[in-house]
Protein chains: 2
Amino acid sequence: MTETVQVRRSETASAKASCMPAEKSRPDKHHAITQAASEMFLAEGFERASLDQIAHRAGVSKQTIYSHFADKEALFKAICVELTEKLTIPLRQPRQKDGADLRNLLIRLGDDALAMMLHPASLDLHRLVLNAAARFPELGRAAYEAGAARMIDDVATLLSQRSQSGEELPRVLGEAEARVMAEQFIGMLRGFHQIRGLLGVDAIPVAERRDYVRSCVELLLRGG
Amino acid sequence: MTETVQVRRSETASAKASCMPAEKSRPDKHHAITQAASEMFLAEGFERASLDQIAHRAGVSKQTIYSHFADKEALFKAICVELTEKLTIPLRQPRQKDGADLRNLLIRLGDDALAMMLHPASLDLHRLVLNAAARFPELGRAAYEAGAARMIDDVATLLSQRSQSGEELPRVLGEAEARVMAEQFIGMLRGFHQIRGLLGVDAIPVAERRDYVRSCVELLLRGG
DNA sequence: TGAACAAGACTGGACGGTCTAGTTTTAATA
DNA sequence: TATTAAAACTAGACCGTCCAGTCTTGTTCA
């Protein structure tokens, strides 16, 4: 009796250590758990989401959760990593640059970036990670790398390249200059739109948002 | 016995309704409570801060807290309002505009605004309100009005005035244009500095930050 | 004297995590 | 294909802890 229990324990521990689907579990259970946990954590936050609720919503017993994850904290971290990865997929896909001039590239990029930042799931994750970062610093850093840092890198690379080869920008940019300008561009793009979403203030209409993006691009191209 | 308790109850309710210092309480108690509650909420968040801890830190009994505030939620909201008010005092003080040109005004304003946004207490409150906004929408809206909206208004007014009367900006700005440009300016000013603070990523050195602010002002003046 | 207070016991309930007992799935073997 | 044993699972009881909010019993102060 107790022996079989001990065996289970050790397997449980190893499965959790890797934070991966347990090797011998029924495959759909893991997904059901992470799905339900995502919904609950996003909607309620870490403290208010209870494992009983998550288990019930996943159609799974609490014990099964504990056979996949060491504890609530491990489940939470796994969810954060998974969601961060999922919601930043657009940032890791190479952008189409075929023949477009810098202005139109920046407009497309700006429209996409802003839409991503204002997506409800993105706002919820933002809230979640911001809150968790105080207690789990590695989550904060990981989210920064996957989100903000990635965007800065991409825009900086684009600006740097385009400034080298011609007349699309007033001057040739060094590495550091390009990064500063990228931060300025994404910063002004974001403006207070994301904050408004997070604070429950009404968003501006989409048409107005498009105008705003274009206005940012013009400001950058004139001022850069 | 029970009667005196009933009397206390009704007084408690009225004192809390106004969210002001109870009329008949010893004056320093209220401040001790809000002080301790501020510290605990900022450090731990709403759920993890317990009333026992707050009472202990305030050197006050739990009952005293409940004679000043209806419940934990009311205490929390009062703290949020009070902190929001306190931390946005700089935004409500008229700025010195004596004889300075727009460039230097914007630099001063930018330095101050960024320093304010990156202040540890400000970051903690930001986290707190962002998290609370999902459950208490009025807190979110109030914070937006006191913070972001206020800054946009101020900068927009400044830009609009200066654009009317001369050559400091390339063109005369309408009301709406000035607001857009103000949002762009503060947005690029903030960049990802605040996010880095919130996520626990190392901040850039102060000297570099000053350069960044100046660079933002130049970009705005050239591009506006 | 009476109102505000301190100290802390107490209640009721939620929750994280464990444990038990019985059921289903899997996969190897006869 | 039928058998079977281990592993994964379910349902829910259970434990210990924590906590919001109440109540009691005194104490302090105006």
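The chains referred to below are lettered A, B, ... by the order of the sequence lines, with proteins before strands, and numbering in each begins at 1.
Here A:T64 reaches the OP1 or OP2 of D:dT10: one of its side-chain N or O atoms lies under 4.0 Å away. Residue B:S67 has a polar side-chain atom (N or O) positioned under 4.0 Å from OP1 or OP2 of C:dC5.
For C:dG17, its base sits under 3.5 Å from the side chain of A:K62 at one donor and acceptor pair at least.
As rounded to whole Å, 15 Å separates atom P of C:dC15 from atom CG of A:L75. One atom, CZ of A:F46, and another, C1' of C:dC15, lie 12 Å apart when rounded to the nearest Å. A:Y66 has its OH atom 17 Å from the P atom of D:dA11, to the nearest Å. Atoms CD (A:Q63) and P (D:dT10) sit 10 Å apart, rounded to a whole Å. Regarding A:R48, its CZ atom lies at a distance of 16 Å from the P atom of D:dC19, rounded to whole Å. Taking atom CG on B:D71 and atom P on C:dG12, their separation rounds to 20 Å, with Å as the unit. Computed from coordinates, the A:F76 CZ to C:dG16 P distance equals 13 Å when rounded to whole Å. When the C1' atom of C:dC15 is taken as reference, atom CD of A:E44 falls 14 Å away, rounded to whole Å.
Mapping B:V60 and A:E73 onto DNA chain C via the closest heavy atom, the residue that lands nearer the 5' end is B:V60.
Here the nucleotide nearest the side chain of A:S50, chosen from C:dG16, D:dC9, D:dT10, is C:dG16.
Judged as a side chain to side chain donor-acceptor pair (under 3.5 Å), and not counting sequence neighbours, the contacts of B:T64 are B:S61. In this structure A:E82 satisfies the salt bridge (charged side-chain N to carboxylate O under 4.0 Å, His left out) test with no other residue, sequence neighbours excluded.
A salt bridge is defined here as a Lys NZ or Arg NE, NH1 or NH2 lying under 4.0 Å from an Asp or Glu carboxylate O, and B:D124 with B:R127 meets this definition.
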Please set out all donor-acceptor pairs under 3.5 angstrom arising from side-chain atoms of residues 31-39 of chain A, sequence neighbours excluded.
residue	atom	partner	partner atom	Å
A:T34	OG1	A:H30	O	3.2
A:T34	OG1	A:H31	O	3.0
A:Q35	NE2	A:E39	OE2	2.9
A:S38	OG	A:T34	O	2.7
A:E39	OE1	A:R57	NH1	2.5

Less than 3.5 Å apart, which donor and acceptor atoms pair up between the side chains of residues 208-216 of chain B and the rest of the protein, not counting sequence neighbours?
residue	atom	partner	partner atom	Å
B:Y212	OH	B:M188	O	2.6
B:R214	NH1	B:R210	O	3.0
B:S215	OG	A:Q184	NE2	2.7

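Using a 4.0 Å cutoff on non-hydrogen atoms, the parts of residues 51-59 of chain A near DNA chain D are A:G59, ordered by number.
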Applying side chain to side chain contact (heavy atoms under 4.5 Å, CB included) to A:L125 and A:K86, what does each step give before you reach the verdict?
CA-CA 11 Å; A:L125 179 61; A:K86 196 197 308 187; over 6 Å; no

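Applying the ring pair (Phe, Tyr, Trp, His ring centres under 6.0 Å) rule to pairs touching residues 108-132 of chain A yields nothing, sequence neighbours excluded.
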